[in-house]
Participant: 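Here's a structure for you.
Letters A, B, ... mirror the listed sequences (proteins, then strands); counts begin at 1.
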Amino acid sequence: MAGGAGEGRRDRSRDFGATVMNERYEASAVEPKWQTHWKSCGLFHAGARADAKKLYVLEMLPYPSGEMHMGHVRCYTLGDVLARYGRMRGFDVLHPMGWDSFGLPAENAAIKDGRHPSERTPANIESFKKDCVALGFSYDWTREIATYKPEYYRWNQWFFVKMLEKDLVYRRRAKVNWCPSCNTVLANEQVEDGACWRCGSRVEEREIPEWAFRITKYSDALLGGLSDLQWPERVVSMQKNWLGRSEGAFLDFAVVGSAEKIRVFTTRADTLFGATYVVLAPDHPLALKLATSAQHAAVRAFQTKVAASNREDRLAGRLEKEGVFTGAQAVNPLAGESVPVWLANFVLSGYGTGAVMSVPAHDQRDFEFAKKYDLTISQVVDSGAGAWKGDAAFTDDGVLVNSGAFTGKSSAEARVAITAEAARRGLGETAVTWHLRDWGFSRQRYWGTPIPIVYCERCDPERRGIPVPEDKLPVELPHIDVREVLTGKGEPPLAKVKAWMATTCPKCGGPATREPETMDTFIDSSWYFARYLSPHEATRPFARADADRYLPIDVYIGGPEHAVLHLLYFRFWTKVMADLGLCSEREPARRLVTQGIVKGRDGEKMSKSKGNVVSPREIIARHGADVARLFILFAGPPEKDMDWSDEQIEGQARFLQRVWRLVRAQVEGGAPPDAIPAKADEFRREAHRALKRVSSGLESLGFNTAIAAVMELVNALYKMSPADDAARVARQEALELLAVMLSPFAPHFCAEAWQQLGRTEELATFAWPAVDPALVADETITYAVQVNGKVRGQANVPAGAAEAEVRAAAEQAVAAHLTGKPVKKFIFVPKRLVSFVV
RNA sequence: GCCGCCGUGGCGAAAUCGGUAAACGCGCAGGACUUAAAAUCCUGUGUCGCCAAAAGCGACGUCUCGGUUCGAGUCCGAGCGGCGGCACCA
């Protein structure tokens, strides 16, 4: 079919129209074809390019709950674009996927319907995996893992035993966060606003024994490591906040008439001379000991009251400050005065030393407390701005008054001097405290990794626990009768499985019982990224050589809601793995991308309960996976929340159809109607300009602007008709280039277009083309011409024009604004703008 | 209370370094094609003013006020609004 520039419009439009205009790209036929092709070629397997640089792209381990939602789609699409681009750039890309498949949802579902989690889980995984394939995600499925399988969780147990040897695991009796609905303990990180992170139930306080990791041993490393990560500021600051490093001093107050001393923590040692009483947490070990007989009953009553009310009131908002006098007196270490010792409900036993010195003049809480109980208020810091009015605490730094030898010093100087003096007298020292607490990981549930511990009355009468030897791992979960064992109440389910509980002691061989509790599932996701390196290793969690090759993760993608949960735990675990000699990297992920929420049609966050969930299956069925991917990428930058828009989806579908018609026109020899004849160079120029913008968009995660650049190329091609045979060849090249540069975003469509255009090479691994600098250089440059900062005209000059030449052209362009006004200054910004100041 | 982020058309957004604000998409309007519609293609689309209209010209315009600068969406200060995190942390 002949088509040409010189013919009448009718003919041209027939060329484009008759065969091509009605032909639609059918994603439903094309996409499965390429998915099958990719699978059969093993194109996405890592390790094939041993001499290439590696690129590890990873998305957060999903919990497969059956059907995928748009939040997943967004996360994985971002990762897939980077993985595909990486492959085309020649990297040895590691892009794996697996399943976080232990945990409460499956167990709770089992309680409801009686089906064992091990039946449901593989089905859910299958379904989720199908969605991944249907969306064209380029995973290396040979590395797939599932955390519920013994070959995975045995390494959780192995780590546990190793960490026990290193004293990074210990058993403690502590106040724990108990979720009555999940019927299990939660770590501090898993309590949000006093409620369970998973189900939102109000958390209770209980005191029961539990296993914990000494994550606090890594406080400094966790804080220090943050500085060399390319992580979003938001996440970094949340982690810093959570770690909560605080510099100050320990100071010792001797107790009058007793050998005991009260150690307090303060960040304001400069206010020591204003400490007019000391307050202990109600459950402080000295509380009862110090109480005088007259006050004993009152102290008892107060303790009971606080223990009962604690959580509820703290949640209900501001807790009324309450306290009780112990009757005891303590001695200010430097001032030498005796001050009363109180208990108060706002002092926390878990932070610092569980005791504080109260300086009501300079701390608002202490001020309120002192007012309520009529305690002495004594000013020791002067603001320098007139006398202190005494209506509220003055909490800023200032100059010391009424502070003995330290009077006259600035607060900053005094903090150092007072701490040093206390230290010299053996009554204190500088100190650093942290908000971070150890990670309690015992869970009173069934569907998780058994803790490999046995209790033997003979060898271990104190029930400290004896680890199961390495060669006896894994300790597998027993098969159970769901109805009988999973009741969702009472003791840990495994405790009811008598046959499993009964075992032999590894030390004496005598009868022993197992630990019935299981591990927090956050352990599973703390090291899975390393298991992907050597998923089939049977003798160790992963191979050192693989770790050296592929760690750290280059780009890690997931939601910001894990900022102080998973993202903290897996940093901790990586440091432990490094200390165990398993790898040299001390940080798991160099770069982190936290993707925004996908909201529903109603503008609310998608959730089942709101009934506004849109399934990717809907879009795949209607328009195909590529449209779903384009929509989600084009909506805005990755970190930003995005709104659902059926219209924008239609727009992306329209865009692909528009490209398709161009491709078909090229193959059939037609041109778009109303196109203007163009030469070869013009086609090349447009294509390379787009390529440049797409390349830089891919580097900077500006996927929306990268796609916009391709759209502009398409718009340009619609206005151009090849003027001659050379131009026809150039248009062919431009369309091929288009298929290449769009392929990370819309891989199925591009593979098909590529083939239509007659190319036979594998597009998914085709080398990303270099931008031809000669083609993207402008021939003429349009300068904006300003007079006194206002744009008054434009000047077109050849690209290489010198300043004087540009100035001459510019003067001509704005002559009317310059007449009669002497030019005081001339500003020349190459390639952009000139400005006259008159 | 403390810490962090963000305010740009009717909407989603774009704008390496301070250099022609609003690219691209959506929506809307007009036109072409069609018996008609859909689909498709083309054109227009920040606000206001001058003008019968168009062309054209001008003023204003990136939350508000102020500052630095020849020039500010971008830098600085103050404020307002929104979002997120932590929160009796001593």
Participant: So which pairs with a foot in residues 704-717 of chain A pass salt bridge (Lys or Arg N to Asp or Glu O under 4.0 Å), sequence neighbours left out?
Facilitator: A:Arg693-A:Glu712
Participant: Any donor-acceptor pair under 3.5 Å joining the side chain of A:Gln648 to the base of B:G25?
Facilitator: yes
Participant: Between atom CG in A:Leu633 and atom C1' in B:A13, what is the gap in whole Å?
Facilitator: 14 Å
Participant: Under 6.0 Å from the ring centre and within 45 degrees of the ring axis: does the NZ or CZ of A:Arg832 meet both conditions for the six-membered ring of A:Tyr783?
Facilitator: no
Participant: Quick check for you: among B:A14, B:C24, B:C86, whose closest atom lies nearest to any side-chain atom of A:Trp242?
Facilitator: B:C86
Participant: Report, one pair per line, the protein and nucleotides 82-85 of chain B atoms (nitrogen or oxygen only) whose separation is under 3.5 Å.
Facilitator:
| unit_1 | atom_1 | unit_2 | atom_2 | d |
| --- | --- | --- | --- | --- |
| B:G84 | O2' | A:Arg234 | NH1 | 2.7 |

Participant: Using the side-chain heavy atoms of A:Glu647, tell me which of these nucleotides is nearest: B:A87, B:G27, B:G25.
Facilitator: B:G27
Participant: Show each protein N/O and nucleotides 70-72 of chain B N/O combination with a separation under 3.5 Å, one pair to a line.
Facilitator:
| unit_1 | atom_1 | unit_2 | atom_2 | d |
| --- | --- | --- | --- | --- |
| B:C70 | O2 | A:Ser835 | OG | 3.2 |

Participant: Please enumerate all residues that pass ring-ring contact (aromatic ring centres under 6.0 Å, His included) together with A:Phe369, with sequence neighbours excluded.
Facilitator: A:Tyr277, A:Trp342, A:Phe346, A:Tyr373
Participant: Quick one: which residue pairs count as a salt bridge (Lys or Arg N to Asp or Glu O under 4.0 Å) with a foot in residues 354-363 of chain A, not counting sequence neighbours?
Facilitator: A:Asp363-A:Arg365
Participant: Between B:U47 and B:C11, how many Å separate the two P atoms, rounded to a whole number?
Facilitator: 12 Å
Participant: Tell me, please, which residues at least two apart from A:Trp197 pass ring-ring contact (aromatic ring centres under 6.0 Å, His included).
Facilitator: A:Phe522
